[in-house]
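Read the structure below first, then the notes.
Computed over heavy atoms, backbone and side chain alike; hydrogens, waters and symmetry mates excluded. Fair warning: this is a prediction, and the values are worked out from it, not measured in the lab.
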Amino acid sequence: MMTETAFCSVIFPANLIYFKDFLDSLEQQTDSDFILLLFNDGVENLTDYLKESSLNYKIINVKGSISETRTQLFEYLKKSTFEKIIFGDTDDYFSLNRVEDCREFLNKFDIIANDLILVSEKKEVLSECYWKDRQELRGLINLESIKFFNFLGLGNTAINRKILPESIFFDPNIVAIDWFLYSIILKSKIKVGFTSSSFIYYRQHGANIVGRKELNFEDFKKGFTVKLNHYSNLARVIPEFQYLATQYLDFMDSLTESNYKKIIQKNKIQNPFWWEEIQL
């Protein structure tokens, strides 16, 4: 019988140095009833890296920008027969009960988000269950919950396929694909849960935006542009986000290093969510 569960990830050349840890954690899952869907963005001879793997996998080639490859990914998932889809990043690895836990939670929720354990490049634990004590995750999670920041990523969530939008298209300017997608999905009454009973080992390196490093001015400006593009695109679909798009656009002209320092001081947050430190 065809499995109902897919573990879905994008692999690209920069993540190959972490790929073995990713595969090892999936090979040791307590529930092995899933297919690994690898969306291959530019890795040559990918099957060579999977020769010794015991995983049931399928490779789907994608190409283009981040928005284009993710559009291709979701078009594929929408047309698939999988009922439950677990997402994971190929530079991370996972608690060995993650598949089992997510599959169970998806019987009660439409989306389940996992906590993060921050680890170094060498896999040393830096912070246990990073978001476990955040009050925002204890009650009802809805669109308002991810208005100013995000904790629903394509590295730490699992969903029931039926909640995917009928048509999925990401504007080329959107960097935070996950935040945009989940904002669209949460327009509807969707049941969302959060758990620390299974988790992501979230590797800290230069490309990550949540973790222990301080945001410098350049990082802040990049992040600010990401949020501006997020709100501008979201406002086209959800008009009540227009005021945030306008607010961020107006502030962009006066974004200076002294302004940045004031905002960073004001938004000093213990264990921030994605994009939370960059708030007006």
### Task
Mind jotting down which residue pairs meet the salt bridge (Lys or Arg N to Asp or Glu O under 4.0 Å) criterion with at least one end in residues 140-157? Sequence neighbours excluded, please.
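Listed by first then second residue: Glu144-Lys147.
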### Message
Does anything in residues 245-258 form a salt bridge (Lys or Arg N to Asp or Glu O under 4.0 Å)? List the pairs, not counting sequence neighbours.
### Response
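The answer is none; no pair qualifies.
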Are any non-hydrogen side-chain atoms of [X] and [Y] less than 4.5 angstrom apart?
X	Y	value
Asn40	Ile60	no
Ser67	Ile174	no
Leu164	Phe74	yes
Ile185	Pro165	yes
Leu234	Phe180	yes
Thr47	Tyr57	yes
Asn56	Leu36	no

Does [atom1] in [X] sit with more than 12 non-hydrogen atoms of other residues, nucleotides or ligands closer than 6.0 Å?
X	atom1	answer
Glu240	CD	yes
Ile263	CD1	yes
Phe148	CZ	yes

When rounded to the nearest 0.5 angstrom, what is the spacing between [atom1] in [X] and [atom2] in [Y]?
X	Y	atom1	atom2	answer
Arg103	Ile112	CZ	CD1	15.0 Å
Leu154	Ser9	CG	OG	10.0 Å
Cys8	Lys58	SG	NZ	12.0 Å
Leu37	Ile85	CG	CD1	8.0 Å

Taking the inter-plane angle between the rings of [X] and [Y] on a 0 to 90° scale, is it parallel (under 30°), tilted (30 to 60°) or perpendicular (over 60°)?
X	Y	value
Phe224	Phe251	tilted
Phe34	Phe7	tilted
Phe194	Trp131	tilted

Does [X] reach the main-chain N or O of [Y] with its side chain, forming a donor-acceptor pair under 3.5 Å?
X	Y	value
Ser188	Ile190	no
Gln28	Asp24	yes
Asn229	Val226	no
Lys187	Ile238	no
Gln279	Glu276	yes
Asn114	Ile200	no
Gln29	Val99	yes
Asn142	Lys189	no
Ser53	Leu50	no
Asn160	Ile111	no

### Query
Honestly, is Lys191 close enough over Phe109, meaning NZ or CZ under 6.0 Å from the six-membered ring centre and within 45° of the axis?
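Flagged: Lys191 positioned over aromatic ring of Phe109.
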### Geometric cation-pi criterion Arg134 and Phe273, 6.0 Å radius, 45° cone
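Yes, a cation-pi geometry.
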Report yes or no: do [X] and [Y] form a side-chain donor-acceptor pair below 3.5 Å?
X	Y	value
Thr30	Asn97	no
Thr5	Thr3	no
Ser54	Glu27	no
Glu121	Tyr18	yes

Between [X] and [Y], what is the shortest heavy-atom contact and its length?
X	Y	answer
Ile269	Pro272	O-CD, 3.5 Å
Asn156	Phe151	ND2-O, 3.1 Å
Gly223	Trp275	CA-CZ3, 3.9 Å
Pro13	Asp41	CD-O, 3.4 Å
Ile146	Ser183	CD1-OG, 3.7 Å
Ala113	Leu152	CB-CD2, 3.6 Å

Identify, with sequence neighbours excluded, every residue that meets salt bridge (charged side-chain N to carboxylate O under 4.0 Å, His left out) alongside [X].
X	value
Lys132	none
Glu218	Lys221
Glu68	none
Glu4	Lys84

Identify, with sequence neighbours excluded, every residue that meets side-chain hydrogen bond (donor to acceptor under 3.5 Å, both in side chains) alongside [X].
X	result
Glu83	none
Arg161	none
Asp21	Lys123, Arg203
Asn259	Thr256

### Query
Listed by chain and number, what are the side-chain contact (heavy atoms from CB on, under 4.5 Å) partners of Asp89, not counting sequence neighbours?
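In terms of side-chain contact (heavy atoms from CB on, under 4.5 Å), with neighbours along the sequence ignored, Asp89 is linked to Asp91, Asp92.
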### Query
Can you list the steps and then say if Phe19 with Phe22 is a ring pair (Phe, Tyr, Trp, His ring centres under 6.0 Å)?
CA-CA 5 Å; Phe19 195 40; Phe22 168 87; 5.7 Å; yes
Charged N to carboxylate O below 4.0 Å: is that the case for [X] and [Y]?
X	Y	value
Lys268	Glu277	no
Asp171	Arg236	yes
Arg98	Asp31	no

### Message
Under the rule for ring pair (Phe, Tyr, Trp, His ring centres under 6.0 Å), what residues qualify as partners of Tyr201, not counting sequence neighbours?
### Response
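Residues passing ring pair (Phe, Tyr, Trp, His ring centres under 6.0 Å) with Tyr201: Tyr93, Phe199.
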### Query
Testing Val119, Leu118, Ile117 for side-chain contact (heavy atoms from CB on, under 4.5 Å) with Leu126, which one passes?
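By the side-chain contact (heavy atoms from CB on, under 4.5 Å) criterion, Leu126 pairs with just one of Val119, Leu118, Ile117: Leu118.
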### Message
Using the rule that Ile, Leu, Val, Met, Phe, Trp and Tyr join whenever any side-chain heavy atoms are under 4.5 Å apart, tell me whether Val175 and Met252 fall into a single cluster.
### Response
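Looking at the clustering, Met252 is in the same group as Val175.
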